[in-house]
Structures are given as C-alpha cells and as structure tokens.
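Right, one structure below, let's go through it.
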Number of protein chains: 2
Amino acid sequence: SVNPDLASERQTTSFSVEKLTALLDGGTEQTRIRRAVVETIESDPVFSRENQYFQTQNERYEAAVRKAVHLQKKMHEMGWTENGPEYKYIYRALSGDVAFLLHRVFMRSISVLGSDKQIAKWIPLATQHKLIGSYAQTELGHGTYLQGLETTAVFDTATQEFILNTPKISAMKWWPGDMGRSATHTVVFAQLYIHGKCYGIHPFIVQIRSLQDHSLCPGVIAGDIGPKMNFEHIDNGYLLLKNVRIPRENMLSKFCEVRPDGTYVRQGSQKINYFTMTTVRISLISDEVLTPLMKACTIAIRYSVVRRQSKLKPGEQEAKILDYQTQQEKLLPQLAAAYAFHFVNDYLQELFNRGYREIQRKNFDMLPELHALSSGFKAVITQHCTAGVEICLRACGGHGYSLLSGLPSLYTKILASCIYEGENTILLLQTARFLIKCFMAANAGQPVPPSVTYLAAVKHGKCPAKNKLDFLSPDIYTEAYQHVAVRLTSSTAAKLQDLIQSGVKKHDAWNQCTVQLVQAAKAHCHYMAVKNFAETVEKLETKAGIRKIMKHLCDLFALHGIFSNTGAFLHDGYTSAAQMDMVTASYLDLLAVVRKDAVPLVDAFDFTDKSLNSALGSYDGQVYQRLYEWAQKSPTNQMSPAYERYLKPLLHNTLSKL
Amino acid sequence: SVNPDLASERQTTSFSVEKLTALLDGGTEQTRIRRAVVETIESDPVFSRENQYFQTQNERYEAAVRKAVHLQKKMHEMGWTENGPEYKYIYRALSGDVAFLLHRVFMRSISVLGSDKQIAKWIPLATQHKLIGSYAQTELGHGTYLQGLETTAVFDTATQEFILNTPKISAMKWWPGDMGRSATHTVVFAQLYIHGKCYGIHPFIVQIRSLQDHSLCPGVIAGDIGPKMNFEHIDNGYLLLKNVRIPRENMLSKFCEVRPDGTYVRQGSQKINYFTMTTVRISLISDEVLTPLMKACTIAIRYSVVRRQSKLKPGEQEAKILDYQTQQEKLLPQLAAAYAFHFVNDYLQELFNRGYREIQRKNFDMLPELHALSSGFKAVITQHCTAGVEICLRACGGHGYSLLSGLPSLYTKILASCIYEGENTILLLQTARFLIKCFMAANAGQPVPPSVTYLAAVKHGKCPAKNKLDFLSPDIYTEAYQHVAVRLTSSTAAKLQDLIQSGVKKHDAWNQCTVQLVQAAKAHCHYMAVKNFAETVEKLETKAGIRKIMKHLCDLFALHGIFSNTGAFLHDGYTSAAQMDMVTASYLDLLAVVRKDAVPLVDAFDFTDKSLNSALGSYDGQVYQRLYEWAQKSPTNQMSPAYERYLKPLLHNTLSKL
C-alpha cells in the first residue's frame, strides 16, 4: 500500500507521466525495450544489489566478477548482442556494479589504435574471454599530461622485442580498473625509445598474468591500490614492470610502426584520437552523471512528501517538509537541472553523430568545437550534478546520511566523475582556450563554429524586462545568459592582451587569467544549456501537459542560475537591481508551482525500487518500515566479540545490582 | 628525508611557525601540554588508526570499544582527569575514533536535568562504569521538532511506575550513539501522561540491557541502525519499548516532578536548557569542524607542492600544481577560512564564558544573542568547512579519492556536522528570527544586544575605495560586509511586513521569506567573522611576522567572500562594477602572496603524521612511496576466491596458448 502522503501527490498531476517517460527515453519503443531489460536483470538474483551496503570491498569485487561472468550467459540466453538495442540499458540496469568494464576499453583501444592484423588477432580472443584486458595509462605521478608519463619501452633490434620498464616509483601505473586482481593483459602507454632516441608515448599490449594459474608474469609486480571512496567493486590496480620483454608485434601500430631494423614510421592522422576522448566524455554523461542525479532527486523528493516536521500553520498537523520554501529551493532546482542536462545530452549526442559522419568523410572541421563543448559540458554537468546529489543527501537530514538511503553511495560515486576522464578545471581551461581563440577570430571577422558565433555580436544594451512575468520569457533570460558569457569572455581576452602588452610572458599571462577563464567557460556552457532547454521546449508537443511543465522547469533552471549568480548579471548593469528583485520574485513563485508536480516529475524517470536501492525513495513511500526492516539485517546486528572481550570485564569488574 | 619540493617551501618562511602554533593553541604552555598528550596517545599501539581504512564497520566498532576501555586505564596511569588541562586534547588526539561518547552525554543530562538525589545515585555508577549510558531523543520520524516526539510515558499511580511505549514505528528511537550494541541504560525522551492528560516531553532513565549478560531487558527491542557514510565506529542504535516499566524515581526531576498521587509539579526555570544546546553547538566547532578542515588543508597543500603536472613555462620541468592560479584559488581561501573560523571560535568561547557567568548570577539577558550566534555560526562554519574539505579532496585529483589520502573520511565525517545538533537551515532561520526582531527593535529605538546594534545604523552610502589597494583596508571591506548584512535584513523585514499588510497570514508570510531570511542570517555571520578576524589581527604582536601573515589571510578571507558573492555587494550599487574589478585584482594578487607561505601556514597547525593518517599529507612529502607501501597492505591484495570460482573457469573454458 502506498503511503497516503505520497499517494496524494499523484492525484492532481498536470501532465501524462507515461508520455514524459517516453520523451526521456526517446520514444515508447525505447521505453518498452528498457523496461524489458530492467525486468530481466532485476528478476535474476545473481544481479541483486540488496546486500551491497553491507559488503566489504572484497565481497563487492567478488560479486562484480560473478555478475560479469553471469552476464555473458544471460546475454547469450536472451539473444542480446553488443550491437542490439538492449545493450545500452544493461549497464544502467546493473547500476554499473559489474566487473570487466576495462576489458571493453582494452578492446576499443585495439580497434582504434591497432593495425588490421592486430585487430584480427586480439579482438576474437578478447570477445571469447580467452584473456581479460585492462588499459594502463595513468601513473602514480602522472595523469592528464600524457607527455609526462615515465614508463619506458626500449626497442631491442637483436631480439625484435620491446623492453618495458618502470624507471621509478612515480612511473608505476596506478588506477587502471580490472588490473588489480583480474586482468591477464593490458595496454601499457610508454615512452618509446629506439637506438637511444625518444619517440614519445605509444601503446603496447603486455601480458601481466599467467593464463594457466593467474600468477604474475616474470618482471611484473601488480596488485590492488586499496580502498577508495566508492568503486569498491572495481579492482583498480598498480603495475610495476622490470625488463618485461614483449614482441615487436605488440606495439599497437595503426598510426606508428617500428620496423625490424628500428626505423620508426608514422602513418595516417592521429586526429581521430581526440575524437575518442570526446566520445568517452559524452558517453559518460548519461549513465554516470545524469542517472545518479535523477535517482537522488527521486529519493529526496519522495522522502520530502512523506517526512513531516514542525508546523507550518498553528493547529494543523506537522507539515510535509517539501512544503517549506527552503526545502523546495534545495531540491527543485536540482530536478530542473536533471531535465536541462538530459536535453543537453541529447544535443551533444546529435552533434557527436554529425561530427562522426563528417570524420568518416575525412572532414575534421568539427573537431575543435566538439572537443570544446564535450570538455566544457563534461566539467559543468559533472560539477553541477555532483553538487546536486550532495544537496539531495543533505536535504534528507539524518536519514540521508544512512547508506540505506542510497544517497551516500550515489554521492561518493558521482564525485569521481569530476576527476576522471579529464579533471574538470583542466577541461574548462580547454574550453576557455577555444572561446578566446574564437572570440579573437570572430572580432577579426573570421568565420567561427556555429555554437560561438554569438561572441561576435557583442551588444551593450540593457535587459528589457519590465516586470517579474517578463522573466518567464525565454528570450529575456537566454539573452541575459548570452550577455554574461560574452562579457566574461571579452573582458578576460582583454585582460590577457593587456598583460601581454605590458610585457608579461604569454604563459604567465595565461596563468594569471585562469580563474576568470574558468568563469567564462562555465558561463558559455550555462548559456548553451539554457538556450538548448528553451529551444527544446519550443519544439515539444503541447498535448498531455508536457510542454507546459517542461516550460516551468526551463524557467526554473534559468532563473535559479541567475538567482545563484546575481553578480555576473548585475556587474555591468545589464540587469538592474530592480530587475534582479523581479528575478527573485519569479523564481520563488516558480518553486511553489513546480512543487505541485514534483513527485510526478520524478516518477517519470521511471526508476524501479531495486534500481534505487533506497529505503527512502521507494515508489510506495513506506520509509520507516523499510529502514527498520533493512537495518535489522545489517551485520552490525550480529553478536560482537567486543562484549566478551571488553564490555563484560568492564561492567562485571564492579558489578552490582542497581 | 624530506621531499626536496616540500623542503624548499619551508626555506623562505616569512614568520615563526612555532609562534603561530602557540597563538593557535592559546600559549606555549598549552602547546606543550597538547604535544605531551598527543605523544602519549600516539605511542600506544592500542590507539593506532593505521588500519582504519581497511576495517569493516564491525571491526571499527570493536576497536572503538577497546580504545574506550583502554583509555580509562591510560588516564589513570597518566594522572589525567576530566577536569585537568590535558582532557580537551585527548579526544582530538584520538581523532574521535573512540566509543562511549554518549556515556558522557548521559552523565551530563543527569547532571543538568536530574535532582540532587538522582545525581547522587547515578553519577557515581556512571563514573565507575557500572553501567554504560546513552541518550535517546531523536525518533525515526522526528528530529529537531521535539514536541513532535511520539514515545509515551504513562504514570501508573497503583504501582508508582511509568509505563513506556513506542506507539508506532515512526516513534522508534533512532540514531542514539552507543545504543545499538553497548549501552545498558539510556535517557529516553517521552510524552508524559498522567491520568490521561499529556504534559509534554520529559526525560526518563531506562535500563535497556542486563548488567549480567547484556541481553535486552523485557519489552525492549534494540539494535544497530546499520551502515552510515562514516562513524562506522559508533553503534548508532534503534530502540522500541513495549510496556517497559520504570520506577517513578527515574524521571529526571530537577525542573518537573510527578508526586506519588500523580500531581505534576513544575519547579525552577528551564531557560538553562537552551544554554545546554548552545554549549554543545559551540563545543563541536573546534574538534568536529575546524580540525578536519585544517587537516584537509594540510594534506592538500603539502601534496600540491609535491605533485607536478604539465608545464607552466615551456622548456622547464613540470610545475608544482600549487603554482597554478586555479589551484591556489581552490586551496588558499580554505586555509584563510580555517584561520578565520579559529578566531570566531575564540570569540564564541569568550562570549559563552561571559554568558555562563551571567547565568550563574540568574541573569538570562545574554541567552537570545548567544543562541542566535551559536546557531548561525554552527550552520555557517559547518557549511563552509564541509565545502572546504570537499574542495581539498577534489583538488588532489585521483589520489584525493583514495581512502589512503585521508580526505574521503574527513569529508564523510564533517558532512554529518551540517545535520546533527540542529539541521543548518533550521538554525539559520533561528538566527534570522533574532535578526528581524532586533532590526525592528533597533529601528523603534529600543536597545538591542551588542552584536546587532549595527542594524540600527543603516547607511545609504557608497564604498569609498578608489583603487585595488584600498581593498586591503579592513575598514573598507568590513563596512561592505556590514552594508550587505543590513540590506538583506532590512529588505527581508520589509518584504515580510508587506506580505502581512497585504493580508497574507503571518506563518505563510514567514515561509515565503525563508530563502531570503537564510541569506540574511548568513550575511550577518559572514560580516561578524570578517570583523572579528580584522579585530584579532589588529591586536596581534607585530613581532615574528605573525601579524603580517595573519593580515594577508584576513584580507584573503574577506576578498574571497566578496569575489564569490559579488551580487550581494553590487546589488544596490554600494560597490560599483569598477570597484568589483579592483576586488578581483586584489584578490588574485593575494593568492600569489599567500601561496609563498602556504606550507608554513599548514605546518603551524602542528598535526603529526599519525593524526593526519594520510599518504599525501605527511610532513616529509614522500607521497608516492607511502601510497605504494600502504596499498600493498590492503586486504584487497589477499587471494580472492573470485579467481577459483569465476575467473579460472572462464579463462580455462577456452584456454589456449597466445
């Protein structure tokens, strides 16, 4: 039975929840396929995540391996393939709690970086799991800056082998997933040396464990890097190589080859490599970043209509905490952001597909824009969603802090997305570099990519809004965001030029502007997100109330951004103080409007109880019952040796009848 | 040997680190005592925290109990007493990783709420550990709003007993520390009923476990609430009571008594109760909130001068990451905040001591101000420091995400401080209520407490700064903060009155202003923190470079606050856009200045390596060596059954020589 406080929230829904779910999925057929995958996975006890919050790191790892092996069978049984329509829903249905994800990266890197011959040899072996692959790039002392990697691969013409070495401790490979305990092979990135000359970083296939008994190969020291904030199920590993010899054929050689005599040959364009990074950054947004925020919103909003605390009106019963303006102000902007970024993701996917088609025609023109947008949005979305999950956790008070709420594990996991696949600050600076370049070009009358043409059109006008309702006009707020993005880019470009003209060296000048460059990059992405949301709403069907509620969320997303960054909009007087008061009024009004549909808006995300794995967020809202029943199963309710060892002697030491 | 990149940071220190440590401790004698306690605790293997990151929740609990029992012996052995000068350093030296903390709360509640007779009976028993106490207030469905608690205590005149019951699941006690597995007794807060009439919430001493064999007493269901985001060492518990009978004498009766015939007698003032909450909120700031931020700064800053990444200047070696402006902008404001809040804590302690003296003279006049300041600062400091620890964690990239960095556990623990002892939003609204009341009073010419007299002096001037150096003048920035605090308070007071005059009911009007009321309360506390820091610097001795470096930190704290909240300062034109650009320039300049002394400034916190328990933060900066050695000891490097069970069959299934 559904908690009546939750049931009542579903009675006056202004829109069709089912239609909104289909919109999010990209069509009713997609919804059907997704639900079928979820149903299959969740009805199989091997994939259960119920005990996850009680398990040690070792138990999590073992379960993840078991699931990965079982998944192979399951896919075969269900007729699911890597190219089928079900595939993209499997990982999500497993909530990522499965091993061998790096095995796929191992395969992809061979497909992208390997010669046809290498692909023909290794891909079938990997597909049939005759080996388990990993991908060893990051080192203990080196991350984003690939040129700084220290592992060496010296070509020995006499034996036609590469000799791999870890010259010092900071050169040890560190972090590669599946490498700590599982992998038999890995792709190692190392500085290539031929006849004493360094040719830079290249990828090599290295066997690290025996296929017979899984023991480490000679010269290989490898293991698990130990406990992390999350990802207990992944055996992130370390790898130390001492004169490990591999055949010449094991250097991935689509772009570069070492001939038997030691001649180094470069072939083809490596531009496609940047495209690979772009692919990864865009692909992680949906499952790794948006899904956790959507889950957190679902949990926190359902809980906030079940939890009652204090009285809003004297004499009445205690109020649902979602009826407090402060609680609305915490949660509803996160909900709006989840939708906003979902549509940004659609936009990026489309841009990416277009880029991919162009690249296949050997046209690389879109690469800089794609790189800048995927970098900037990866940073902005991961940052925003991580903060959003934390807000949801804190908004649930003490119960949010219990692992059984599901919120701590969502938070500790999404946090990593701010760091991996490019640390966010570095990514934002790459976007900023693109912006500055395009700003300069645009102002010199040169053509620039479509997403940044607005930089040329610097207007020194004022915001035309006359009352608070004007701020519900997408033109008004989109223009305001655009103005801020242009102002921050142009003022930072000016500062940069001033510094250089005053004699500061170019790299010093850049460093002295980086705090402001980051602001400009964020403003650009924020503007794009608002604009994209507004344009998406414009195109929606007006039936079933979908467009109306999406318009409210778009307004809320936009006004929350202004309300939270008033200085950026007030700075040059584009927005006046009186107008900012209108923004605040409209924003606070909107909270009360969106609050009415808050539960249906999270219901539309269509998470099952098993996928939420939360005592607070279940569809029926039976929060207290669930917390109590679940807590009783905790291993901490087993007998502890602490009583016999410490408590009994303490108490009996001076035992007396009280 | 110290990593040369770290050693070089200590060579040009502009001040005496030892003198700054003494300043932070409150004198060289305090430093001496603290170090002696730390030395004693850390040299005893029972208190070691080295394996903490590898332990399960059960192991953490057992270790915490062992430490608590051992601590009794140790104190006896060392001659340390609860009233001695060493006492306050013990908990800090243990990093809070010890059981029976609620036993002390149990004792304190009896001392404060019990009659002389009750104190005489229970305190000696507790002191000698003839029982283990806990404190059961929070319920599954009820937190801050005490009147909402549902546990009942019905007086039975026939047997002269109270009958305690948990009428429904939401009434179950939930969260009390030490109650899940250890406690034999607890103070239960319940609604008192006599002859069918409810007299509200009262405290009762209830035995929950046998002193003979630790089994649960009849009618008692209790256990551990399961895994949390941190505090694995604490057995937070649940408690369900079914017709549990306790003697009439077990109701704590300093303020209220139930006579044998059921007559209810209220005696004395309960105002002192508010003072108890104030005491707790102030006392947690130092150890639970400031120490974690100081540790996080120490770890992140030391790591940031050891870690090198990319090149700042072409042709040079990779740069220390602390040399990047963006990294400085992340870490140095947190360092400044740690100092700022340390001095706020001194201020609150002094105010508290003054208040305590007044209260002993039965003068309760200071209570409202003390309550408002302790609530507001508890919220602002916990919020700010939690965000600061998260920034430090993320600023260390991947290694910050490893538990071995120490940062994840600092973060997951400090996060709880935003929730316990009063959820922050609720506390800020209490401060806001005080501000609005005082603002009204001040403007009606009535006297108000000293900390808020400024609210009467609304000035409509402009910021007089003429160049960026003017913003290094404490008068200039303190005045700006004051202006913002007054503006936010007065504008929200005006909105509140407008709403009420337009016919909105008082409680609805309040709810509609809460988002802005929270802003006003934060602005008030921020202003007080800046003002207090500036006044503290003013009084410092100019010798040994202390005053100069503290002045830099004060400036940095103040300007970072303006830079991060420009809208608040720009809104009514008090600060112009040109002045805001000066703030930005001064702020960014300061980062480069403070960066030079960053390592000595964290060295002054004087944390030992053992207390940091971090592979990244040790005094010698041997980061990579430490990570590697520590990771090898992880239980995840033991043989896993996953190989025999899953990997071997998978690989051997299709085994072939590659």
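Lettering follows sequence order; numbering is per chain, from 1. None of the values given here were measured: they were computed from a predicted structure.
- Across all their heavy atoms, P635(B) and R181(A) have their closest contact at O-NH2, 4.2 Å.
- Under the 4.0 Å criterion applied to side-chain N and carboxylate O atoms, E316(A) and K505(B) are not assigned as salt-bridge partners.
- At distances below 3.5 Å, not a single donor-acceptor pair connects side-chain atoms of Y53(B) with backbone N or O atoms of K228(A).
- Judged by distance alone, with hydrogens and angles left aside, the side-chain atoms of Y401(B) form a donor-acceptor pair with the main-chain N or O of T412(A) at under 3.5 Å.
- With a threshold of 4.5 angstrom between heavy atoms, S182(A) approaches chain B through its backbone and through its side chain.
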task = Begin from the C-alpha positions of F100(B) and L650(A) and carry the test side chain to side chain contact (heavy atoms under 4.5 Å, CB included) through to its verdict.
result = CA-CA 12 Å; F100(B) 305 164; L650(A) 181 77; 3.9 Å; yes
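- Between chain B and the residues Y324(A), W174(A), F569(A), the most heavy-atom pairs under 4.5 angstrom are made by W174(A).
- Closest approach of E62(B) and A642(A) over heavy atoms only: CG-CB, 3.8 Å.
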task = Check the pair L651(A) / H214(B) against side chain to side chain contact (heavy atoms under 4.5 Å, CB included), numbers first and verdict last.
result = CA-CA 10 Å; L651(A) 291 166; H214(B) 219 238; 4.2 Å; yes
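- Neither the backbone nor the side chain of Y587(B) comes within contact range of chain A; no heavy atom of the residue lies under 4.5 Å from a heavy atom of that chain.
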ask   = Checking side chain to side chain contact (heavy atoms under 4.5 Å, CB included) for the pair Q147(B)/K311(A): CA distance, chi angles, key distance, verdict?
value = CA-CA 10 Å; Q147(B) 288 135 281; K311(A) 297 187 182 182; over 6 Å; no
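- Chosen from V518(B), D572(B), L415(B), I426(B), the residue pairing most often with chain A at heavy-atom distances under 4.5 Å is L415(B).
- If you tally non-hydrogen atom pairs under 4.5 Å between each of G223(A), G180(A), P641(A) and chain B, the highest count goes to P641(A).
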task = Under the salt bridge (Lys or Arg N to Asp or Glu O under 4.0 Å) rule, what do K330(A) and E423(B) come out as? Steps first, then yes or no, please.
result = CA-CA 14 Å; K330(A) 289 176 191 174; E423(B) 193 276 332; 3.3 Å; yes
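- From L404(A), atom CG reaches atom CD1 of I225(B) across 8.0 Å, with rounding to the nearest 0.5 Å.
- Here the shortest heavy-atom pairing between Y411(B) and M229(A) reads CD2-CE, 3.8 Å.
- Residue contact with chain A, scored on non-hydrogen atoms closer than 4.5 Å, involves the backbone and the side chain of Q383(B) alike.
- Within the 4.5 angstrom heavy-atom criterion, atoms from both the backbone and the side chain of H399(B) approach chain A.
- Your options are V69(B), I169(B), N511(B), and the one with the most heavy-atom pairs under 4.5 Å with chain A is N511(B).
- Of the two parts of I221(A), only the side chain, counted from C-beta on, holds a non-hydrogen atom closer than 4.5 Å to a non-hydrogen atom of chain B.
- Of the listed residues (T584(B), V306(B), V623(B), D581(B)), the one with the most heavy-atom contacts under 4.5 Å to chain A is D581(B).
- Heavy-atom distances place the side chain of Y238(B), and not its backbone, under 4.5 Å from chain A.
- Between chain B and the options S640(A), G226(A), G397(A), the largest number of non-hydrogen pairs under 4.5 Å is found for S640(A).
- Annotation: the span from S402(A) atom OG to N236(B) atom CG amounts to 9.5 Å, rounded to 0.5 Å.
- With a threshold of 4.5 angstrom between heavy atoms, L588(B) approaches chain A through side-chain atoms but not through N, CA, C or O.
- Contacts of L517(A) with chain B are absent, with no heavy-atom separation under 4.5 Å from either backbone or side chain.
- Interface summary for chain A: among A416(B), G573(B), G148(B), the most heavy-atom pairs under 4.5 angstrom belong to A416(B).
- Interatomic distance, L591(B) CG to Q512(A) CD, rounded to the nearest 0.5 Å: 11.5 Å.
- Counting heavy atoms from C-beta on, the side chains of S310(B) and T144(A) never come closer than 4.5 Å.
- Note on K506(B), Q327(B), R307(B), Q72(B): by heavy-atom pairs under 4.5 Å with chain A, the leading option is R307(B).
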request  = Begin from the C-alpha positions of T636(B) and Y61(A) and carry the test side chain to side chain contact (heavy atoms under 4.5 Å, CB included) through to its verdict.
outcome  = CA-CA 9 Å; T636(B) 51; Y61(A) 163 71; over 6 Å; no
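- Proximity to chain A (any heavy atom under 4.5 Å) is restricted, for A568(B), to the backbone atoms N, CA, C and O.
- Proximity to chain A involves both the backbone and the side chain of R66(B), based on heavy atoms less than 4.5 angstrom apart.
- Within the 4.5 angstrom heavy-atom criterion, no atom of S564(A) approaches chain B.
- When every heavy atom of T386(A) is checked against every heavy atom of E390(B), the shortest pair comes out as CG2-OE2, 4.3 Å.
- The closest donor-acceptor contact from the side chain of H652(A) to the backbone of L211(B) lies under 3.5 Å.
- Residue contact with chain A, scored on non-hydrogen atoms closer than 4.5 Å, involves the backbone and the side chain of I132(B) alike.
- Looking only at heavy-atom pairs under 4.5 Å with chain B, the residue among Q55(A), M580(A), R308(A), H142(A) that has the most is H142(A).
- Proximity to chain B is limited to the side chain of S634(A), based on heavy atoms less than 4.5 angstrom apart.
- Residue with the most contacts toward chain B among Q625(A), K168(A), K648(A), M639(A): Q625(A) (heavy-atom pairs, distance under 4.5 Å).
- With values rounded to the nearest 0.5 angstrom, E318(B) atom CD is found 5.5 Å from Y145(A) atom OH.
- Shown here for L312(A) and H507(B), the closest heavy-atom pair between the two residues is O-CB, 3.2 Å.
- Ranking T184(A), L240(A), D323(A), N230(A) against chain B, the residue ahead of the rest is N230(A), based on heavy-atom pairs under 4.5 Å.
- At a 4.5 Å heavy-atom cutoff, the contact between L403(A) and chain B is made by backbone and side-chain atoms alike.
- No side-chain heavy atom of Q325(A) sits under 4.5 Å from any side-chain heavy atom of Q516(B).
- Closest of all the heavy-atom pairs between T326(A) and V515(B) is CG2-N, 4.2 Å.
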